Amino acid sequence: MIKLFVPGRLCLFGEHTDWAGHYRTMNADIAPGAAIVTGIEQGIYAEVDKSSLFEVQSTASELTGEWQDFACRMDEQELKRIAKSGSFFCYCAGVASYMLEWYKVGGVRIKITDMTLPIKSGLSSSAAICVLVARAFNLLYNLNLNTLGEMNIAYVGELRTSSRCGRLDQACAFGVKPNLMTFDGDEVEVQALNVKKHLYWVFADLNGEKNTIKILADLNKGYPFASNEMEQREHDALGSLNREMVDRAIKYMAEGRVAELGALMTEAEDLFNSHVAPMSPEELAAPKLRAILADEVVKSLTYGGKGVGSHGDGSVQFLAKNAETQQQLIDYLSTKGMTAYALTLKPAHTVRRAIIPVAGFGTRLYPATRALKKEFFPIPCPDGMVRPVILILLEELVKSGIEEICLVLGSEEDRQLYADFFERPLSTEHMSKLNKESQEYENHILDIGKRLHYVYQREKRGFGHAVYQAADFTHNEPVLLMLGDTLYRSTSNKPCALQLIEQYERYNRLIVGLYPVPLNTVSHFGIMSGVWENKDCSVLSVSTLYEKPKASYAEEFLSVKNNITGAKEYCSVFGQYILTPEVFHQLEADIKKADAEGDHVREIELTSALEEVRQKNGMMGVRLQGERFDMGNPAALTDTIMQYSK
């Protein structure tokens, strides 16, 4: 049994541009559509399991009167017939019929346990239930669909009903975070967006009347070719003018310019009224919407507001000034007979801490490691300096915005090595022999030392055990993990660690750097498999993480097709991770289980903990623009010294 949650969705900017952008298949002069869409906090909760039938049940009180428990055979024609029935269940049957037709799956049992999403309020409750069904089949039958795949199946499934949904409705598949959706003919692209500051949205049902079918019919009359000035103004508003507005909204959200974002909402509403509403003057007169947007009390509590969905007197949304005014606005709208809801978009946790385990002895580099810890091995660098490995790693972290760094040492004796290097100033005699540039660099080394913290792995119980020693250091926040015997060099203008951090801020889940390797080397690495989330094959939705597989096993089960080249790839772990608090909770559980069984020598592996977290919360792999240089054995060390200095 798997528990699922799928939210409703709210279009913040760019309504109607999904169908307008689709007309590019007939008129290339139409600009691609663009919309900022986010999942909301209200949604559908369900428990799903395999079944011999297709069953949908509900114990959610919110569906009373809208729902009857249902079961039918997994028969394509019967499911298609039910899809046309017009009930809320018909959306589920539409998706199930598509799944059966194209994937030959068995049945599922879906039990809706809670429904906090209002129905028929412009928040795409029908799209949410379609995504829920698609995801249930995907997970239960291991179909390896990425999120975009689930979204597309939900869309096609809903089209098998009498509904005429838009392409942006199924954006709820991507969770409660804002996304940029681009609509270019039949192509849809989705890109996660960053939020710098808390955004306190309020959206409300106006409890008015509107005819969505009439609105869409009127607006579509101007497509695919504009035949007069009014229709051309509609093209401009849903095309180039909308894209310029969406680009500004993305910029304001990323930079935390909340007041300007709110003002942009009002600007977008004015543009809609002047350029689009004249196409359907009766339906888009929207007296209730315009009255509440002009309300002086509302204006005092918000930075701006606009209509939702097809506009008209359906729903309205506002950007409140803060958490207090958000609640005040909800209370005020209720006095006007409106049902209002809060949506708070929060910035992703910025990663400020990092961990580097350096507790190993370096057996494969013996006997050099009798005299010198391997993390202090000297590496010639392209700028002519010779740096110890640990300094190269620490400098990358500092350049990536990391403020505190925890080193996992093998013993208290090792601590003195770091104190000598990072905390003790050079003698006056030695300083006098350095040129001015090197003297300034000495201060840089001492500044790095101020960021360092130390913990100890006193029992050698595996890599996961070493990482867990830094659990208190994380303060229950996401943390970057970097291997201590691998060097990294970016091939872009951003350090590899910063690239990984930025991807975490987009996806807000466990992230692992990935690096393609030849098939004959897979047995040396952890290998990830899954499906690509984007067209350029840089972000992988991980479905399997396997530690050091045999080449024959990897070839059969772990390859990932590069959609650009068509070649098979084997994605190894790059050596950098963003670990979420759930990883440390799992490591703690693994350690406690081993101790309870009296097994105090069992190795606690990080890979198994990552896999447990992946199954519950998901995991993303990110192809970083950079190279890695291993130095864990003599051959690799020789190659690193030769290559890294170039």
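Please read all numbers here as calculations on a predicted model, not as lab measurements.
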Is it true that a side-chain atom of [X] and a backbone atom of [Y] form a donor plus acceptor pair closer than 3.5 Å?
| X | Y | value |
| --- | --- | --- |
| T544 | S529 | no |
| Q326 | W201 | yes |
| R24 | A28 | yes |
| N242 | A34 | yes |

With heavy-atom distances below 4.5 Å as the criterion, would you say the side chains of [X] and [Y] are in contact?
| X | Y | value |
| --- | --- | --- |
| V246 | L180 | yes |
| V108 | V48 | no |
| L343 | L345 | yes |
| K561 | E569 | no |
| L264 | F13 | yes |
| H198 | P347 | yes |

Among R509, H585, E582, the one residue meeting side-chain contact (heavy atoms from CB on, under 4.5 Å) with V613: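 Exactly one option meets the side-chain contact (heavy atoms from CB on, under 4.5 Å) with V613, and it is E582.
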From V560, L610, V512, residue fulfilling side-chain contact (heavy atoms from CB on, under 4.5 Å) relative to M528: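 Single side-chain contact (heavy atoms from CB on, under 4.5 Å) partner of M528 among V560, L610, V512: V512.
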Test side-chain hydrogen bond (donor to acceptor under 3.5 Å, both in side chains) applied to Q586 and D590, step by step: CA-CA 6 Å; Q586 184 61 49; D590 292 345; 3.0 Å; yes
Over all heavy atoms of both residues, which pair between [X] and [Y] is shortest? Give the atoms and the distance, please.
| X | Y | value |
| --- | --- | --- |
| T25 | G185 | CG2-CA, 3.6 Å |
| L587 | G464 | CD1-O, 3.7 Å |
| I36 | P178 | CG2-CB, 4.4 Å |

Working for side-chain hydrogen bond (donor to acceptor under 3.5 Å, both in side chains), residues E150 and N138: CA-CA 8 Å; E150 293 176 342; N138 185 27; 2.7 Å; yes
Answer yes when [X] and [Y] have at least one side-chain N-carboxylate O distance shorter than 4.0 Å, and no when they do not.
| X | Y | answer |
| --- | --- | --- |
| E611 | K616 | no |
| K568 | E555 | no |
| E189 | K535 | yes |
| E269 | K306 | no |
| R506 | E533 | no |
| D247 | R243 | yes |
| E255 | K196 | no |

Audit row: E605, T607, side-chain hydrogen bond (donor to acceptor under 3.5 Å, both in side chains) steps and yes/no: CA-CA 5 Å; E605 294 299 341; T607 300; 5.6 Å; no
Whether F54 and F137 hold their rings parallel, tilted or perpendicular, with breakpoints at 30° and 60°: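 Judged by the thresholds at 30° and 60°, the geometry between F54 and F137 is parallel.
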Pairs satisfying ring pair (Phe, Tyr, Trp, His ring centres under 6.0 Å), at least one member in residues 533-552, at least two apart: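 Every pair satisfying ring pair (Phe, Tyr, Trp, His ring centres under 6.0 Å) with a residue in residues 533-552: Y546-Y553.
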Pair R9, N179: side-chain N/O donor-acceptor within cut-off below 3.5 Å: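 No, because no side-chain N or O of R9 sits under 3.5 Å from a partner of the opposite role on N179.
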T38 and K177: CA distance, side-chain angles, deciding distance, side-chain hydrogen bond (donor to acceptor under 3.5 Å, both in side chains) verdict: CA-CA 5 Å; T38 181; K177 61 177 183 288; over 6 Å; no
Ring center gap for F183 and H22 short of 6.0 angstrom: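 Here the rings of H22 and F183 have centres that are no less than 6.0 Å from each other.
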Between Y223 and W19, ring centroids under 6.0 Å: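 Yes, the ring centres sit under 6.0 Å apart.
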Side chain to side chain donor-acceptor pair (under 3.5 Å), paired with K494, selected from Q625, E502, Q499: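 The option that passes is E502.
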